[in-house]
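One structure is given here, and the rest of the page talks about it.
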Amino acid sequence: MDRYKKVRGMHDIMPGETEKWQFAETVLADSAKLHGYREIRPPVIEERMLFERSIGASSDIISKEIYSFQDRKGRHLALRPEGTASVVRAFIESAPPIPGKITRLYYYGPMFRYDRPQKGRYRQFYQFGVELLGGKHPFFDGEAVALLDFMARKLNITGYYFAINTLGCPKCKSAYTEIVRSALSAKEDSLCEDCRTRLKISPLRIFDCKNAECRESAACAPAVTETLCKECLDHFGEFEEYVKKAGIPCKKQSGLVRGLDYYTRTVFELYVNGDENAVAAGGRYDSLVRELGGADTPAVGFALGMERLISIVNFKLEKTPSVYLAAMGKAAALKGISIVKELRNEGIAAETDYEDRGLKAHLKNADRSGAQWCLIVGDRELEKNEFILKNMVTGEQENISEDTYLKRIKELIK
RNA sequence: GUGGGUGUAGCUCAGGGGCAGAGCACUAGACUGUGGCUCUAGGAGCCGGGGGUUCGAAUCCCCUCACCCACCCCA
(Lines give C-alpha, C1' and ligand atoms only; values in the text may rest on other atoms or scores of the structure.)
Protein backbone atom coordinates (compact mmCIF):
# COMPACT_ATOMS: atom_id res chain seq x y z
CA MET A 1 0.00 0.00 0.00
CA ASP A 2 1.47 3.30 -1.05
CA ARG A 3 1.69 5.89 1.65
CA TYR A 4 0.00 9.20 1.15
CA LYS A 5 2.30 12.14 0.89
CA LYS A 6 1.66 15.81 1.13
CA VAL A 7 0.89 17.30 -2.24
CA ARG A 8 3.50 19.35 -3.98
CA GLY A 9 4.04 22.74 -2.50
CA MET A 10 2.10 22.01 0.70
CA HIS A 11 3.80 21.72 4.05
CA ASP A 12 2.93 20.49 7.51
CA ILE A 13 3.72 22.74 10.41
CA MET A 14 4.56 20.25 13.12
CA PRO A 15 4.88 20.53 16.90
CA GLY A 16 8.19 22.19 17.55
CA GLU A 17 7.34 24.64 14.78
CA THR A 18 3.78 25.43 15.79
CA GLU A 19 5.00 26.97 19.03
CA LYS A 20 7.04 29.46 17.02
CA TRP A 21 4.08 30.22 14.80
CA GLN A 22 1.80 30.76 17.76
CA PHE A 23 4.31 33.13 19.31
CA ALA A 24 4.70 35.14 16.11
CA GLU A 25 0.95 35.17 15.46
CA THR A 26 0.32 36.54 18.93
CA VAL A 27 2.94 39.26 18.60
CA LEU A 28 1.62 40.34 15.20
CA ALA A 29 -2.03 40.40 16.24
CA ASP A 30 -1.27 42.20 19.50
CA SER A 31 0.82 44.79 17.66
CA ALA A 32 -1.94 45.43 15.15
CA LYS A 33 -4.56 45.76 17.89
CA LEU A 34 -2.30 48.18 19.72
CA HIS A 35 -2.34 50.34 16.60
CA GLY A 36 -6.11 50.32 16.38
CA TYR A 37 -6.60 47.47 13.94
CA ARG A 38 -9.38 44.91 14.25
CA GLU A 39 -9.38 41.46 12.77
CA ILE A 40 -11.30 40.52 9.65
CA ARG A 41 -11.61 36.94 8.42
CA PRO A 42 -12.63 36.77 4.79
CA PRO A 43 -13.08 33.38 3.07
CA VAL A 44 -10.27 31.78 1.10
CA ILE A 45 -12.48 31.38 -1.96
CA GLU A 46 -13.59 34.35 -4.03
CA GLU A 47 -14.75 34.98 -7.54
CA ARG A 48 -11.77 34.69 -9.82
CA MET A 49 -12.66 38.02 -11.40
CA LEU A 50 -12.07 39.84 -8.11
CA PHE A 51 -8.40 38.97 -8.28
CA GLU A 52 -8.11 39.67 -11.99
CA ARG A 53 -9.49 43.17 -11.47
CA SER A 54 -7.34 43.99 -8.45
CA ILE A 55 -4.01 42.27 -9.03
CA GLY A 56 -4.03 42.66 -12.80
CA ALA A 57 -4.89 40.04 -15.41
CA SER A 58 -1.46 40.27 -17.02
CA SER A 59 0.43 39.77 -13.74
CA ASP A 60 2.16 36.43 -13.20
CA ILE A 61 0.00 35.83 -10.16
CA ILE A 62 -3.14 35.77 -12.26
CA SER A 63 -1.81 34.53 -15.56
CA LYS A 64 0.02 31.48 -14.28
CA GLU A 65 -0.09 31.10 -10.52
CA ILE A 66 -3.73 31.31 -9.53
CA TYR A 67 -5.58 28.24 -8.29
CA SER A 68 -8.87 28.65 -10.10
CA PHE A 69 -11.72 26.27 -10.79
CA GLN A 70 -15.40 26.06 -11.52
CA ASP A 71 -17.77 24.80 -8.90
CA ARG A 72 -20.76 22.53 -9.56
CA LYS A 73 -22.82 25.43 -10.80
CA GLY A 74 -20.11 26.59 -13.17
CA ARG A 75 -19.07 29.64 -11.12
CA HIS A 76 -15.54 30.79 -11.82
CA LEU A 77 -13.83 30.77 -8.45
CA ALA A 78 -10.30 31.01 -7.15
CA LEU A 79 -8.30 30.33 -4.02
CA ARG A 80 -7.05 33.69 -2.83
CA PRO A 81 -3.45 34.43 -3.86
CA GLU A 82 -3.28 37.40 -1.48
CA GLY A 83 -5.48 39.12 1.06
CA THR A 84 -6.06 42.70 0.03
CA ALA A 85 -8.66 42.02 -2.65
CA SER A 86 -10.87 40.05 -0.24
CA VAL A 87 -10.58 42.63 2.49
CA VAL A 88 -11.52 45.44 0.14
CA ARG A 89 -14.41 43.37 -1.23
CA ALA A 90 -15.71 42.71 2.27
CA PHE A 91 -15.24 46.35 3.21
CA ILE A 92 -17.30 47.51 0.26
CA GLU A 93 -19.92 44.81 0.69
CA SER A 94 -20.51 45.10 4.41
CA ALA A 95 -21.54 48.70 4.85
CA PRO A 96 -21.84 51.98 2.98
CA PRO A 97 -18.58 53.86 3.47
CA ILE A 98 -18.68 56.93 5.68
CA PRO A 99 -16.62 59.78 4.20
CA GLY A 100 -13.61 60.64 6.30
CA LYS A 101 -13.91 57.54 8.44
CA ILE A 102 -10.78 55.48 8.89
CA THR A 103 -11.13 51.70 8.97
CA ARG A 104 -8.22 49.65 10.21
CA LEU A 105 -8.34 45.93 9.52
CA TYR A 106 -5.89 43.08 9.92
CA TYR A 107 -6.12 39.55 8.60
CA TYR A 108 -4.18 36.34 8.88
CA GLY A 109 -4.43 33.09 6.99
CA PRO A 110 -3.38 30.84 4.13
CA MET A 111 -2.87 32.12 0.60
CA PHE A 112 -2.42 29.99 -2.52
CA ARG A 113 -0.18 30.37 -5.52
CA TYR A 114 0.81 27.71 -8.02
CA ASP A 115 4.50 28.57 -7.88
CA ARG A 116 7.43 26.25 -8.08
CA PRO A 117 8.24 25.44 -4.44
CA GLN A 118 11.51 26.81 -3.15
CA LYS A 119 13.13 27.85 0.08
CA GLY A 120 10.55 29.69 2.18
CA ARG A 121 8.05 29.49 -0.64
CA TYR A 122 5.08 27.15 -0.74
CA ARG A 123 1.90 26.87 -2.73
CA GLN A 124 -0.09 27.26 0.44
CA PHE A 125 1.58 29.92 2.50
CA TYR A 126 0.53 32.23 5.28
CA GLN A 127 0.29 35.96 5.26
CA PHE A 128 -0.43 38.45 7.95
CA GLY A 129 -1.61 41.76 6.59
CA VAL A 130 -3.15 45.05 7.52
CA GLU A 131 -5.24 47.48 5.51
CA LEU A 132 -5.99 51.05 6.45
CA LEU A 133 -8.98 52.29 4.47
CA GLY A 134 -10.01 55.90 4.17
CA GLY A 135 -6.70 57.54 5.04
CA LYS A 136 -5.30 59.94 2.50
CA HIS A 137 -2.63 61.72 4.51
CA PRO A 138 0.96 60.57 3.84
CA PHE A 139 1.44 60.03 7.56
CA PHE A 140 -0.89 57.05 7.23
CA ASP A 141 1.70 55.52 4.89
CA GLY A 142 4.24 56.30 7.57
CA GLU A 143 2.10 54.68 10.21
CA ALA A 144 1.87 51.48 8.18
CA VAL A 145 5.66 51.31 8.02
CA ALA A 146 5.85 52.22 11.70
CA LEU A 147 3.58 49.28 12.54
CA LEU A 148 5.81 46.90 10.60
CA ASP A 149 8.81 48.40 12.36
CA PHE A 150 7.06 47.88 15.69
CA MET A 151 6.37 44.23 14.86
CA ALA A 152 9.96 43.63 13.79
CA ARG A 153 11.22 45.01 17.09
CA LYS A 154 8.71 43.01 19.12
CA LEU A 155 9.93 39.90 17.35
CA ASN A 156 13.54 40.72 18.21
CA ILE A 157 14.51 40.96 14.57
CA THR A 158 17.75 42.83 14.10
CA GLY A 159 19.50 44.25 11.09
CA TYR A 160 16.45 45.11 9.05
CA TYR A 161 15.57 48.10 6.93
CA PHE A 162 12.80 49.36 4.71
CA ALA A 163 13.22 49.91 1.01
CA ILE A 164 10.91 52.78 0.11
CA ASN A 165 9.82 54.39 -3.12
CA THR A 166 6.89 56.08 -4.80
CA LEU A 167 5.15 55.16 -8.02
CA GLY A 168 3.00 58.27 -8.22
CA CYS A 169 -0.74 58.63 -8.52
CA PRO A 170 -2.42 56.67 -11.33
CA LYS A 171 -1.82 59.54 -13.74
CA CYS A 172 1.86 59.92 -12.86
CA LYS A 173 2.30 56.18 -12.76
CA SER A 174 1.02 55.56 -16.26
CA ALA A 175 2.83 58.61 -17.61
CA TYR A 176 6.05 57.44 -16.03
CA THR A 177 5.53 53.92 -17.34
CA GLU A 178 5.31 55.34 -20.85
CA ILE A 179 8.40 57.50 -20.33
CA VAL A 180 10.37 54.48 -19.25
CA ARG A 181 8.98 52.37 -22.05
CA SER A 182 9.97 54.80 -24.75
CA ALA A 183 13.34 55.57 -23.17
CA LEU A 184 14.21 51.89 -23.05
CA SER A 185 12.73 50.91 -26.39
CA ALA A 186 15.70 52.66 -27.94
CA LYS A 187 17.96 50.31 -25.98
CA GLU A 188 15.98 47.16 -26.52
CA ASP A 189 18.98 45.36 -28.02
CA SER A 190 20.96 45.66 -24.81
CA LEU A 191 18.17 44.14 -22.71
CA CYS A 192 17.91 40.51 -21.70
CA GLU A 193 15.11 38.35 -23.03
CA ASP A 194 13.03 38.71 -19.87
CA CYS A 195 13.36 42.46 -19.93
CA ARG A 196 12.18 42.68 -23.51
CA THR A 197 8.98 41.04 -22.36
CA ARG A 198 8.88 43.37 -19.38
CA LEU A 199 9.18 46.31 -21.76
CA LYS A 200 5.77 45.39 -23.10
CA ILE A 201 4.02 44.30 -19.92
CA SER A 202 5.60 46.19 -17.02
CA PRO A 203 8.59 48.29 -18.03
CA LEU A 204 9.21 49.46 -14.48
CA ARG A 205 10.27 45.97 -13.49
CA ILE A 206 13.40 46.34 -15.61
CA PHE A 207 14.78 48.49 -12.80
CA ASP A 208 15.19 45.48 -10.55
CA CYS A 209 16.34 42.94 -13.12
CA LYS A 210 19.12 40.68 -11.81
CA ASN A 211 21.08 41.41 -14.94
CA ALA A 212 23.43 44.33 -14.30
CA GLU A 213 23.46 45.29 -17.97
CA CYS A 214 19.70 45.77 -17.96
CA ARG A 215 19.89 47.92 -14.86
CA GLU A 216 22.55 50.06 -16.51
CA SER A 217 20.38 50.55 -19.53
CA ALA A 218 17.46 51.38 -17.27
CA ALA A 219 19.54 54.01 -15.52
CA CYS A 220 19.26 56.27 -18.57
CA ALA A 221 15.55 56.65 -17.92
CA PRO A 222 14.67 59.52 -15.59
CA ALA A 223 14.02 58.68 -11.91
CA VAL A 224 10.35 58.63 -10.87
CA THR A 225 10.76 61.62 -8.63
CA GLU A 226 11.83 63.71 -11.63
CA THR A 227 8.54 63.13 -13.38
CA LEU A 228 5.97 63.30 -10.59
CA CYS A 229 3.33 65.96 -10.21
CA LYS A 230 3.61 68.32 -7.26
CA GLU A 231 0.99 66.50 -5.18
CA CYS A 232 2.76 63.18 -5.58
CA LEU A 233 6.11 64.70 -4.72
CA ASP A 234 4.73 66.39 -1.64
CA HIS A 235 3.06 63.18 -0.57
CA PHE A 236 6.30 61.25 -0.76
CA GLY A 237 8.19 64.07 0.91
CA GLU A 238 5.87 64.04 3.89
CA PHE A 239 6.01 60.28 4.10
CA GLU A 240 9.79 60.53 4.27
CA GLU A 241 9.46 63.13 7.01
CA TYR A 242 7.35 60.73 9.04
CA VAL A 243 9.71 57.77 8.83
CA LYS A 244 12.67 60.00 9.57
CA LYS A 245 10.97 61.48 12.61
CA ALA A 246 9.96 57.99 13.76
CA GLY A 247 13.55 56.80 13.45
CA ILE A 248 12.71 53.97 11.09
CA PRO A 249 15.64 52.62 9.06
CA CYS A 250 14.79 53.35 5.43
CA LYS A 251 16.63 53.25 2.14
CA LYS A 252 15.17 54.99 -0.83
CA GLN A 253 15.26 52.70 -3.85
CA SER A 254 14.04 54.28 -7.05
CA GLY A 255 13.98 50.82 -8.63
CA LEU A 256 11.51 49.45 -6.13
CA VAL A 257 8.37 48.40 -7.97
CA ARG A 258 5.65 46.12 -6.76
CA GLY A 259 4.26 43.29 -8.82
CA LEU A 260 0.63 44.04 -8.12
CA ASP A 261 -1.16 46.50 -10.36
CA TYR A 262 -3.12 48.29 -7.68
CA TYR A 263 -0.25 50.10 -5.97
CA THR A 264 -0.07 53.86 -6.30
CA ARG A 265 2.29 56.35 -4.72
CA THR A 266 4.11 54.96 -1.67
CA VAL A 267 5.54 51.45 -1.83
CA PHE A 268 7.82 49.78 0.69
CA GLU A 269 9.42 46.44 1.49
CA LEU A 270 10.94 45.05 4.66
CA TYR A 271 14.35 43.45 4.23
CA VAL A 272 16.52 41.69 6.71
CA ASN A 273 20.23 42.15 6.07
CA GLY A 274 21.71 39.32 4.10
CA ASP A 275 18.38 38.13 2.76
CA GLU A 276 17.54 38.70 -0.84
CA ASN A 277 13.81 38.35 -0.47
CA ALA A 278 11.51 40.79 1.26
CA VAL A 279 9.81 39.57 4.42
CA ALA A 280 6.93 41.99 4.06
CA ALA A 281 5.81 44.46 1.46
CA GLY A 282 3.06 46.93 0.90
CA GLY A 283 2.06 50.36 -0.16
CA ARG A 284 -0.74 52.71 -1.02
CA TYR A 285 -3.62 51.79 -3.29
CA ASP A 286 -5.84 54.82 -3.73
CA SER A 287 -7.87 53.58 -6.69
CA LEU A 288 -8.56 49.97 -5.81
CA VAL A 289 -11.69 50.47 -3.71
CA ARG A 290 -13.32 52.50 -6.46
CA GLU A 291 -12.19 50.06 -9.13
CA LEU A 292 -13.83 47.23 -7.22
CA GLY A 293 -17.10 49.10 -7.08
CA GLY A 294 -16.82 51.05 -3.84
CA ALA A 295 -16.75 54.74 -3.14
CA ASP A 296 -13.54 56.65 -3.69
CA THR A 297 -11.43 55.48 -0.74
CA PRO A 298 -7.70 56.02 -0.44
CA ALA A 299 -5.96 53.14 1.33
CA VAL A 300 -2.62 51.77 2.40
CA GLY A 301 -1.56 48.36 3.67
CA PHE A 302 1.03 45.65 3.74
CA ALA A 303 1.37 41.90 3.88
CA LEU A 304 3.94 39.85 5.68
CA GLY A 305 5.11 36.36 4.69
CA MET A 306 4.90 34.10 7.72
CA GLU A 307 7.23 31.36 6.48
CA ARG A 308 9.94 33.90 5.81
CA LEU A 309 9.28 35.64 9.08
CA ILE A 310 9.52 32.43 11.11
CA SER A 311 12.87 31.63 9.49
CA ILE A 312 14.48 34.87 10.66
CA VAL A 313 13.01 35.32 14.12
CA ASN A 314 15.16 34.36 17.08
CA PHE A 315 12.80 32.43 19.28
CA LYS A 316 13.30 32.14 23.00
CA LEU A 317 10.39 29.95 23.90
CA GLU A 318 9.77 28.95 27.48
CA LYS A 319 8.56 25.49 28.28
CA THR A 320 5.31 25.44 30.15
CA PRO A 321 5.62 23.40 33.33
CA SER A 322 3.88 20.06 33.26
CA VAL A 323 3.37 17.02 35.43
CA TYR A 324 3.40 13.39 34.41
CA LEU A 325 1.42 11.07 36.63
CA ALA A 326 2.91 7.63 37.19
CA ALA A 327 0.04 5.57 38.53
CA MET A 328 0.73 1.94 39.35
CA GLY A 329 -2.07 -0.49 40.01
CA LYS A 330 -5.82 -0.25 39.57
CA ALA A 331 -6.42 1.70 42.77
CA ALA A 332 -3.78 4.29 41.84
CA ALA A 333 -5.14 4.59 38.34
CA LEU A 334 -8.57 5.40 39.75
CA LYS A 335 -7.07 7.92 42.13
CA GLY A 336 -5.20 9.33 39.15
CA ILE A 337 -8.43 10.31 37.42
CA SER A 338 -9.12 12.94 40.04
CA ILE A 339 -5.47 13.94 40.39
CA VAL A 340 -5.02 14.92 36.74
CA LYS A 341 -8.42 16.61 36.82
CA GLU A 342 -7.40 18.72 39.81
CA LEU A 343 -4.03 19.60 38.29
CA ARG A 344 -5.64 20.70 35.04
CA ASN A 345 -8.25 22.70 36.92
CA GLU A 346 -5.35 24.58 38.48
CA GLY A 347 -3.95 25.32 35.04
CA ILE A 348 -1.12 22.82 35.36
CA ALA A 349 -0.57 20.66 32.29
CA ALA A 350 -0.87 17.00 33.28
CA GLU A 351 -0.66 13.74 31.41
CA THR A 352 -0.46 10.08 32.20
CA ASP A 353 -0.40 6.64 30.65
CA TYR A 354 -3.27 4.32 31.49
CA GLU A 355 -1.49 1.06 30.71
CA ASP A 356 -0.43 -0.69 33.89
CA ARG A 357 3.30 -0.12 33.76
CA GLY A 358 6.18 -0.45 36.15
CA LEU A 359 7.80 2.66 37.56
CA LYS A 360 10.70 2.33 35.19
CA ALA A 361 8.48 2.51 32.14
CA HIS A 362 6.52 5.37 33.63
CA LEU A 363 9.64 7.42 34.27
CA LYS A 364 10.81 6.77 30.76
CA ASN A 365 7.48 8.05 29.51
CA ALA A 366 7.71 11.06 31.76
CA ASP A 367 11.18 11.80 30.47
CA ARG A 368 10.08 11.53 26.86
CA SER A 369 6.99 13.63 27.36
CA GLY A 370 9.21 16.48 28.45
CA ALA A 371 7.44 16.84 31.79
CA GLN A 372 9.51 18.59 34.44
CA TRP A 373 7.73 16.80 37.24
CA CYS A 374 6.61 13.26 37.84
CA LEU A 375 3.98 12.46 40.45
CA ILE A 376 4.38 8.86 41.59
CA VAL A 377 1.36 7.08 42.99
CA GLY A 378 1.44 3.36 43.78
CA ASP A 379 0.04 1.00 46.39
CA ARG A 380 2.66 2.03 48.94
CA GLU A 381 1.77 5.69 48.55
CA LEU A 382 -1.95 5.05 48.78
CA GLU A 383 -1.43 3.18 52.07
CA LYS A 384 0.39 6.14 53.60
CA ASN A 385 -1.83 8.77 51.97
CA GLU A 386 1.13 10.48 50.37
CA PHE A 387 2.63 10.76 46.92
CA ILE A 388 6.17 11.09 45.64
CA LEU A 389 6.96 14.16 43.58
CA LYS A 390 10.07 13.81 41.51
CA ASN A 391 11.85 16.63 39.75
CA MET A 392 12.76 15.17 36.37
CA VAL A 393 15.50 17.70 35.76
CA THR A 394 17.44 17.41 39.01
CA GLY A 395 16.31 13.93 39.99
CA GLU A 396 15.40 15.10 43.48
CA GLN A 397 12.20 13.84 44.99
CA GLU A 398 10.11 14.39 48.09
CA ASN A 399 7.11 12.85 49.75
CA ILE A 400 4.03 15.04 49.83
CA SER A 401 0.83 14.32 51.62
CA GLU A 402 -2.30 13.68 49.65
CA ASP A 403 -4.04 16.59 51.38
CA THR A 404 -1.54 19.22 50.38
CA TYR A 405 -0.08 17.91 47.13
CA LEU A 406 -1.82 20.48 44.94
CA LYS A 407 -0.59 23.37 47.03
CA ARG A 408 2.94 21.98 47.12
CA ILE A 409 3.09 21.44 43.37
CA LYS A 410 1.87 24.97 42.76
CA GLU A 411 4.60 26.30 45.06
CA LEU A 412 7.33 24.35 43.34
CA ILE A 413 6.25 25.19 39.84
CA LYS A 414 6.31 28.93 40.44
C1' G B 1 7.75 27.74 -16.96
C1' U B 2 13.82 27.17 -17.18
C1' G B 3 18.49 25.19 -15.17
C1' G B 4 21.30 22.23 -11.48
C1' G B 5 21.46 18.67 -7.31
C1' U B 6 19.41 14.63 -4.42
C1' G B 7 16.01 10.19 -3.51
C1' U B 8 19.06 3.57 0.32
C1' A B 9 16.14 1.51 7.81
C1' G B 10 11.83 5.97 11.73
C1' C B 11 16.06 10.11 11.09
C1' U B 12 21.11 11.63 9.03
C1' C B 13 23.77 9.38 5.41
C1' A B 14 27.83 5.69 3.30
C1' G B 15 28.03 2.03 -0.66
C1' G B 16 28.59 3.41 -7.90
C1' G B 17 27.68 -4.19 -11.57
C1' G B 18 28.22 -9.84 -7.51
C1' C B 19 25.23 -11.49 0.52
C1' A B 20 21.77 -4.48 2.04
C1' G B 21 25.45 -1.11 5.57
C1' A B 22 26.90 2.71 9.70
C1' G B 23 25.54 6.32 13.38
C1' C B 24 21.38 8.03 15.91
C1' A B 25 16.44 6.47 17.27
C1' C B 26 13.46 2.06 18.64
C1' U B 27 12.66 -2.84 21.55
C1' A B 28 14.57 -6.17 25.33
C1' G B 29 18.05 -7.38 29.11
C1' A B 30 22.11 -6.14 32.71
C1' C B 31 18.82 -2.95 36.69
C1' U B 32 11.55 -7.18 38.67
C1' G B 33 9.41 0.70 42.57
C1' U B 34 13.40 5.28 39.88
C1' G B 35 14.08 8.03 33.60
C1' G B 36 18.70 10.33 31.41
C1' C B 37 24.68 7.56 31.33
C1' U B 38 27.10 2.78 30.07
C1' C B 39 27.30 -2.24 28.15
C1' U B 40 24.97 -6.50 25.53
C1' A B 41 21.43 -8.49 22.25
C1' G B 42 17.46 -7.70 18.81
C1' G B 43 13.78 -5.88 15.27
C1' A B 44 14.04 -3.47 10.10
C1' G B 45 14.32 -2.03 3.87
C1' C B 46 10.15 -3.60 -3.22
C1' C B 47 17.75 1.01 -2.41
C1' G B 48 11.20 6.78 -4.72
C1' G B 49 8.10 4.38 -8.99
C1' G B 50 8.08 2.20 -14.10
C1' G B 51 10.74 0.36 -18.23
C1' G B 52 15.48 -1.14 -20.52
C1' U B 53 20.84 -3.17 -20.85
C1' U B 54 23.12 -7.57 -18.39
C1' C B 55 24.13 -14.34 -16.49
C1' G B 56 23.38 -10.74 -12.55
C1' A B 57 21.20 -3.69 -11.32
C1' A B 58 20.68 0.02 -5.16
C1' U B 59 24.80 0.66 -8.78
C1' C B 60 24.64 1.71 -16.02
C1' C B 61 20.66 3.90 -19.66
C1' C B 62 15.63 6.01 -20.59
C1' C B 63 10.99 7.79 -18.58
C1' U B 64 8.34 9.46 -14.36
C1' C B 65 7.34 11.36 -9.41
C1' A B 66 8.98 13.88 -5.11
C1' C B 67 12.25 16.94 -2.37
C1' C B 68 16.26 20.70 -2.25
C1' C B 69 18.82 24.99 -4.63
C1' A B 70 18.86 28.93 -8.17
C1' C B 71 16.18 31.70 -12.10
C1' C B 72 11.30 33.66 -13.05
C1' C B 73 7.77 35.67 -9.77
C1' C B 74 6.58 37.02 -5.05
C1' A B 75 5.44 37.55 1.02
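Every chain is numbered from 1 and lettered A, B, ... according to where its sequence line falls, protein lines coming before strand lines.
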message = When you measure from the side-chain N and O atoms of R8(A) to the phosphate of C67(B), is any distance below 4.0 Å, counting only OP1 and OP2?
response = yes
query = Going by distance alone, is a donor N or O of one side chain under 3.5 Å from an acceptor N or O of the other, for T84(A) and E131(A)?
reply = yes
key: Any R357(A) side-chain nitrogen or oxygen under 4.0 Å from OP1 or OP2 of G33(B)   = no
key: Exercise: do E39(A) and Y108(A) side chains pair donor with acceptor under 3.5 Å   = no
message = Considering every strand and a 4.0 Å limit on heavy-atom distances, what is the contact class for D60(A): base, sugar-phosphate, or nothing?
response = sugar-phosphate
inquiry  = Taking any heavy-atom pair under 4.0 Å as a contact, classify M306(A): base, sugar-phosphate, or nothing.
reply    = nothing
note = By nearest-nucleotide position on RNA chain B, the 5'-leaning member of E307(A) and M10(A) is M10(A)
key: Side chain of P117(A) (C-beta onward), nearest among G35(B), C68(B), A75(B)   = C68(B)
query = What residue among D286(A), L228(A), D141(A) forms side-chain contact (heavy atoms from CB on, under 4.5 Å) with H235(A)?
reply = D141(A)
message = Tell me if the side-chain of Q118(A) makes a donor-acceptor pair with the base of C72(B), cut-off 3.5 Å, by modelled atom types.
response = yes
request  = Tell me what L309(A) touches on the nucleic acid: a base, only sugar-phosphate, or nothing, going by heavy atoms under 4.0 Å.
outcome  = nothing
task = Answer with base, sugar-phosphate or nothing: what part of the nucleic acid does K64(A) contact at a heavy-atom distance below 4.0 Å?
result = nothing
inquiry  = Taking A66(B) as the reference, what is the distance to C24(B) when you measure between their C1' atoms (whole Å, please)?
reply    = 25 Å
query = Can the ring centres of H35(A) and Y37(A) be said to be less than 6.0 Å apart?
reply = no
Contacts under 3.5 Å, N or O only, protein and nucleotides 26-29 of chain B:
residue : atom : partner : partner atom : Å
C26(B)  : OP1  : R368(A) : NH1          : 3.0
U27(B)  : OP1  : R368(A) : NH2          : 3.4

note = Whole-Å distance, L359(A) CG to G33(B) P, equals 8 Å
ask   = Contact class for G129(A) vs. all strands (heavy atom < 4.0 Å): base, sugar-phosphate, or nothing?
value = nothing
ask   = What nucleic acid atoms does D379(A) come within less than 4.0 Å of, heavy atoms only: base, sugar-phosphate, or nothing?
value = base
ask   = Which part of the nucleic acid, if any, lies within reach of Q397(A) when heavy atoms closer than 4.0 Å are counted: base, sugar-phosphate only, or nothing?
value = base
message = What I want to check is whether an N or O donor and acceptor connect the side chain of R116(A) with the base of G1(B) at under 3.5 Å.
response = no
message = Any side-chain N or O of K119(A) below 4.0 angstrom from OP1/OP2 of C69(B)?
response = yes
task = Assign E381(A) to base, sugar-phosphate, or nothing according to its heavy-atom contacts below 4.0 angstrom with the strands shown.
result = base
task = Indicate, with a heavy-atom threshold strictly under 4.0 Å, whether N365(A) touches base, sugar-phosphate, or nothing.
result = nothing
query = Looking at C74(B), does its base get a donor-acceptor pair with the side chain of R308(A) below 3.5 Å?
reply = yes
